[in-house]
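The structure under discussion appears below in the form of C-alpha cells.
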Amino acid sequence: ERTILTYRGCGIHLKKSDFDISRILDEVKIDWIYITSLAGHFAIYDEIFREASERGVKIAWNPGVLELSHPDKVKALLPDVEVLSINKEEAQMLVGGETIEELSRKLRNFVPVVIVTDGRNGSVAIDKTSFVQAGLYDPVSKRVDATGAGDSFASGFVAKYAADENLKKAIHFASANSANVVQYIGSKPGILTGSEKLESMDIAVRPANY
C-alpha cells in the first residue's frame, strides 16, 4: 500500500556512547520508555534495557526489521519488555504461526503484553488474563496513505495502557488512532490527543487461556 525510500542518515552510525541513559533516568522521573527501531544497534538496546530494569521503568518495544533479522538477540531482550508491539510478518520472524492469534499466544510466553496487527484484518492483544481481537475502527473511511498506521496503533495502545486502561480500551483507542492517521498524507497528521469521543467498533474479549 505504500513505497518508502529511506535514508537513515546519522542513525545508522549511532553508538552506545551517544546515550547517557543512566543520567537521564536519574534526573527525570520516567515510568515508561517507548522504543522503536534503533537501526539494529543491540549494544544500545542492552544499555537502555539494563538501566531501565534496574530502576523499575517499564519498556514498550516496537522493533524493526533490522532487529528482527536477529531473532535470538531480540528474544534475549524480551524478559525486560512489558509491551511488545509487532505486525504479523514481523511476528513470524520470531515465532512460527499462521494467524495473529497463534502468533500472539506464542509471543506471550516471552512478554507480559503482546499486540499483533494485520493491516485490514485487524489486530489482537493478549496479557495473562485476557485475549482481545479487534476489527477495523472505521472500515468505510477513506484510506489516503497507510504510512504510520502501525506506529500510531502501537503508540496509541501504549499511551492508554500506561494510563492503566484495560486491553479493550487500549486497543480501541489504538485502532481509532491508526484509522485517523491513514486518512492523511504522512505519519503524523491525524494523531489523536486521547480526549476524543470514540465511535463503537467490533472488539471481542475472552479469557487468555481460552
Side-chain angles (χ1 to χ4, degrees), residues 1-2 4 34-37 59-141 143 145-161 165-182 187 198-210:
E1 297 180 318
R2 60 199 181 277
I4 298 176
Y34 180 92
I35 307 175
T36 56
S37 176
I59 293 174
W61 192 18
N62 177 214
V65 173
L66 291 177
E67 288 79 36
L68 294 166
S69 59
H70 302 280
D72 290 340
K73 291 183 178 181
V74 170
K75 289 177 181 178
L77 290 170
L78 292 182
D80 290 325
V81 174
E82 182 72 16
V83 176
L84 176 67
S85 171
I86 204 165
N87 67 36
K88 180 182 178 181
E89 291 74 20
E90 292 167 341
Q92 289 171 327
M93 298 175 72
L94 294 178
V95 295
E98 295 301 320
T99 68
I100 54 177
E101 176 172 353
E102 181 183 8
L103 293 164
S104 67
R105 289 187 180 280
K106 288 184 176 180
L107 288 169
R108 174 62 185 80
N109 293 321
F110 298 93
V111 183
V113 180
V114 177
I115 53 178
V116 182
T117 61
D118 188 20
R120 293 179 182 272
N121 296 316
S123 57
V124 297
I126 186 170
D127 62 13
K128 64 181 180 180
T129 61
S130 302
F131 175 83
V132 179
Q133 187 159 14
L136 294 183
Y137 176 72
D138 185 359
V140 298
S141 64
R143 293 166 61 91
D145 177 18
T147 305
D151 291 326
S152 56
F153 184 97
S155 59
F157 181 96
V158 172
K160 288 298 183 181
Y161 187 80
E165 298 284 12
N166 60 33
L167 291 190
K168 182 178 180 181
K169 290 183 178 180
I171 206 169
H172 191 176
F173 179 75
S175 300
N177 199 35
S178 180
N180 208 50
V181 166
V182 301
S187 60
L198 303 183
E199 301 293 333
S200 61
M201 64 174 295
D202 180 20
I203 301 178
V205 182
R206 60 180 190 264
N209 60 359
Y210 176 83

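All residue numbers refer to positions in the sequence shown, counting from 1.
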Quickly, which of Asn109, Leu107, Val114 forms a side-chain contact (heavy atoms from CB on, under 4.5 Å) with Val111? Name it, please.
Val114
Donor-acceptor pair, Gln92 side chain versus Gly97 backbone, under 3.5 Å?
yes
Between Ala149 and Val182, what is the shortest heavy-atom contact and its length?
CB-CG1, 3.6 Å
Does any non-hydrogen side-chain atom of Asn62 lie less than 4.5 Å from one of Val158?
no
Closest non-hydrogen atom pair, Val132 against Lys168:
CG2-N, 4.1 Å
CG on Leu77 to NE2 on His70, rounded to 0.5 Å:
12.0 Å
Heavy-atom side-chain contact between Ile35 and Ile59 under 4.5 Å:
yes
Quick check: do Pro112 and Glu82 have side-chain heavy atoms less than 4.5 Å from each other?
yes
Side chain proximity check, Asn180 to Tyr137, heavy atoms < 4.5 angstrom
no
If I compare all heavy atoms of Trp61 with all of Val81, which pair ends up nearest, and what's the gap?
CE3-CG2, 3.9 Å
Is the side chain of Arg105 donor-acceptor paired with the backbone N or O of Ala208 at a distance under 3.5 Å, no angle test?
yes
Does Ala174 offer a backbone N or O that forms a donor-acceptor pair with the side chain of Lys160 under 3.5 Å?
no
Verdict with reasoning, Leu84 to Phe110, per side chain to side chain contact (heavy atoms under 4.5 Å, CB included):
CA-CA 9 Å; Leu84 176 67; Phe110 298 93; over 6 Å; no
Value for CG (Asp127) from CG (Leu167), rounded to nearest 0.5 Å, stands at 4.0 Å
Should Asn209 and Phe131 count as side-chain neighbours, where that means a heavy-atom distance under 4.5 Å?
no
Does Phe173 reach the side chain of Glu165, with side-chain heavy atoms less than 4.5 Å apart?
no
Residue pair Ile171, Phe153: steps toward the side chain to side chain contact (heavy atoms under 4.5 Å, CB included) verdict:
CA-CA 8 Å; Ile171 206 169; Phe153 184 97; 3.6 Å; yes
Leu94 backbone acceptor or donor facing Lys75 side chain under 3.5 Å:
yes
Should Glu199 and Asp138 count as side-chain neighbours, where that means a heavy-atom distance under 4.5 Å?
no
To the nearest 0.5 Å, what is the distance between OG (Ser123) and CG (Asn87)?
12.0 Å
So, does Ser175 use its side chain to make a donor-acceptor pair with the main chain of Leu136 at under 3.5 Å?
no
If we ignore hydrogens and angles and just use 3.5 Å, is the side chain of Ser69 paired with the main-chain N or O of Leu66 as donor and acceptor?
yes
Take His172 and Met201, measure what side chain to side chain contact (heavy atoms under 4.5 Å, CB included) needs, and give me the verdict at the end.
CA-CA 8 Å; His172 191 176; Met201 64 174 295; 3.4 Å; yes
Please evaluate residues Ser85 and Phe157 with respect to the criterion side chain to side chain contact (heavy atoms under 4.5 Å, CB included), reporting the C-alpha separation (whole Å), side-chain torsions for both, the decisive distance (0.1 Å), and the verdict.
CA-CA 9 Å; Ser85 171; Phe157 181 96; over 6 Å; no
Asn177 side, atom CG; Ser155 side, atom OG - distance, nearest 0.5 Å:
5.5 Å
Mind checking the CD1-CD1 spacing from Ile100 to Ile115? Nearest 0.5 Å is all I need.
11.5 Å
Measure from the side-chain N and O atoms of Lys88 to the backbone N and O of Glu98, and report whether any donor-acceptor pair falls under 3.5 Å.
yes
Could you grab the distance from atom CZ of Arg143 to atom CZ of Arg120, nearest 0.5 Å is fine?
4.0 Å
